[in-house]
K.L.:
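Take this structure, written in structure tokens, and hold onto it; I'll ask about it next.
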Protein chains: 2
Amino acid sequence: MQISEVAQKFGLTTDTLRYYEREGLIGPIKKGKNGIRNYDEDDIKRIQFVKCMRSAGLEISFLKKYLDLFDEGDKTVKERREILVEQRNILKEKLDAMQEAYDKLTMKIELYDKNILDKNLI
Amino acid sequence: MQISEVAQKFGLTTDTLRYYEREGLIGPIKKGKNGIRNYDEDDIKRIQFVKCMRSAGLEISFLKKYLDLFDEGDKTVKERREILVEQRNILKEKLDAMQEAYDKLTMKIELYDKNILDKNLI
DNA sequence: TATTGACTTGAAGTTAACTCTAAGTGATAT
DNA sequence: ATATCACTTAGAGTTAACTTCAAGTCAATA
């Protein structure tokens, strides 16, 4: 699979894919004789994981750390579990903050719909 | 209320509060004869709103736009409602993406706990 | 054969949201 | 009186995550 297809598939740009590779999140992707990247199934799986986690706002530095440990094999299992839990906790905090803001926005919109507008309430 | 108390109250830095003021999100805050800011109840309410929305990742440019319209009074009600809905939609997308990542992380952690580790699965 | 289009590289540029620095003021504690 | 402390300013610096640029290669098509 060529870079533009992969980009298309995940809604990323080719620049972003090369950037992720530069940062060591994925690859190094195998290249054909002409120097063109050819993504295989494992590359795709990895990109899918990265895309999902990045969409949720997880930092590249974390993903790099986790994936490096993954590549080191079974001896890193314990450490990997720990950082997954840590990231999930961070994510939970963010989710809660966002849910709170979401509910506040919903309430505000309802007030606008009912024309109950307090000049002093933002 | 002085700047450091307000910062403390909301878990912001004084630099951030002055930055928000520079950007026109809040204030201009009234100052005493010595030039020191004195935050009143309305300032606090506004900061609470900004803090909540920023914690959810809403952009400063949006908050600026919304709060400027708010200050213009009743004639902007319709436009305000529209941008609130728009922001809520954006927030919903993000919430969904984060929930998906959260669930994925939870599943992974469970696999780690049960020692079901597929070498080919990230 | 010439041009088009997708790819390649290293490096520089961009953006949002802070964060820090340097230099200064003014009230209070020793 | 002198030191400490919280505050003030304008402006420069930082960080993460891209994004763009300039210059080049290569295969396929008009």
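Numbers restart at 1 for each chain; the letters A, B, ... are given by sequence-line order, proteins then strands. Reckoned from all heavy atoms, side chains included, excluding hydrogens, waters and symmetry mates. Note that the structure is a prediction, hence the values are computed from the model and not measured.
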K.L.:
Taking only N and O in the side chain of B/Q2, is any of them less than 4.0 Å away from OP1 or OP2 of D/dC7?
P.N.:
yes
K.L.:
Applying the salt bridge (charged side-chain N to carboxylate O under 4.0 Å, His left out) criterion to A/E21, which one of A/K64, A/K31, A/K30, A/R37 satisfies it?
P.N.:
A/R37
K.L.:
For D/dC18 and A/Y20 - does any side-chain N or O of the residue sit under 4.0 Å from the phosphate oxygens OP1/OP2?
P.N.:
yes
K.L.:
Separation of B/Q8 atom CD from D/dA6 atom P, in whole Å?
P.N.:
12 Å
K.L.:
Select from A/S61 and B/R37 the residue whose nearest nucleotide in DNA chain D is closer to the 5' end of that strand.
P.N.:
B/R37
K.L.:
Measure CD1/A/I36 against P/C/dG5 and give the value in whole Å, please.
P.N.:
16 Å
K.L.:
Between atom CE in B/M53 and atom C1' in C/dA17, what is the gap in whole Å?
P.N.:
18 Å
K.L.:
Can you give me the N/O atom pairs linking the protein to nucleotides 10-15 of chain D at distances under 3.5 Å, or say none if there are none?
P.N.:
none

K.L.:
What I want to find out is whether A/D15 reaches A/R18 closely enough, with some N-O distance under 4.0 Å, to be called a salt bridge.
P.N.:
yes
K.L.:
Exactly one of B/E72, B/E79, B/R80 should register a side chain to side chain donor-acceptor pair (under 3.5 Å) with B/T76. Which one does?
P.N.:
B/R80
K.L.:
Just the rounded figure in Å: distance from P of D/dA16 to CG of A/L63.
P.N.:
14 Å
K.L.:
If you compare all heavy atoms of A/I29 against all heavy atoms of A/N38, which two are closest, and at what distance to 0.1 Å?
P.N.:
CG2-O, 3.6 Å
K.L.:
Return the nearest nucleotide to the side chain of B/Y19; candidates are D/dT19, C/dT19, C/dT8.
P.N.:
C/dT19
K.L.:
CG of A/L17 versus C1' of D/dC18: gap in Å, rounded?
P.N.:
12 Å
K.L.:
Taking only side-chain nitrogens and oxygens of A/K31, does any of them come within less than 4.0 Å of OP1 or OP2 of D/dC26?
P.N.:
no
K.L.:
Which other residues belong to the hydrophobic cluster containing B/L111, where Ile, Leu, Val, Met, Phe, Trp and Tyr are joined when side-chain heavy atoms lie under 4.5 Å apart, directly or via other members?
P.N.:
B/I116
K.L.:
Identify whether any heavy atom of B/R18 sits under 4.0 Å from a base atom; if not, whether one sits that close to sugar-phosphate; answer base, sugar-phosphate or nothing.
P.N.:
base
K.L.:
I want to check one thing: is the phosphate of D/dA6, taken as OP1 and OP2, less than 4.0 Å away from some side-chain N or O of B/T14?
P.N.:
no
K.L.:
Would you kindly give the CG-to-P distance between A/L12 and D/dT19, to the nearest whole Å?
P.N.:
10 Å
K.L.:
Identify, with sequence neighbours excluded, every residue that meets side-chain contact (heavy atoms from CB on, under 4.5 Å) alongside B/K78.
P.N.:
B/E82
K.L.:
Please determine, for the side chain of B/E59, which listed nucleotide (C/dC7, C/dA17, D/dT8) has the closest atom?
P.N.:
C/dA17
K.L.:
Is the number of heavy atoms from other residues, nucleotides or ligands under 6.0 Å of A/K104 NZ greater than 12?
P.N.:
yes
K.L.:
With a 4.0 Å limit, can you tell me whether A/S4 has a side-chain N or O closer than that to the phosphate oxygens OP1/OP2 of C/dC7?
P.N.:
yes
K.L.:
Which whole-number value in Å describes the distance from A/N38 CG to C/dA6 P?
P.N.:
18 Å
K.L.:
Counting side-chain heavy atoms from CB outward, which of D/dC18, C/dA17, D/dC26 is closest to A/N34?
P.N.:
D/dC26
K.L.:
Scan residues 1-54 of chain A for pairs that pass ring-ring contact (aromatic ring centres under 6.0 Å, His included), counting only residues two or more places apart or in two chains.
P.N.:
A/F49-A/Y66
K.L.:
Dump the intermediate steps for salt bridge (charged side-chain N to carboxylate O under 4.0 Å, His left out) on A/R46 and A/D42, then the final yes or no.
P.N.:
CA-CA 6 Å; A/R46 199 151 170 146; A/D42 283 353; over 6 Å; no
K.L.:
By side-chain hydrogen bond (donor to acceptor under 3.5 Å, both in side chains), which residues pair with B/S55, not counting sequence neighbours?
P.N.:
none
K.L.:
Rounded off to whole Å, could you give me the CG-to-C1' distance for the A/L58 and D/dA16 pair?
P.N.:
14 Å
K.L.:
Does A/E23 reach a base, just sugar-phosphate, or nothing at all? Heavy atoms under 4.0 Å.
P.N.:
nothing
K.L.:
Scan nucleotides 1-3 of chain C against the protein and return all N/O pairs shorter than 3.5 Å with their distances rounded to 0.1 Å.
P.N.:
none

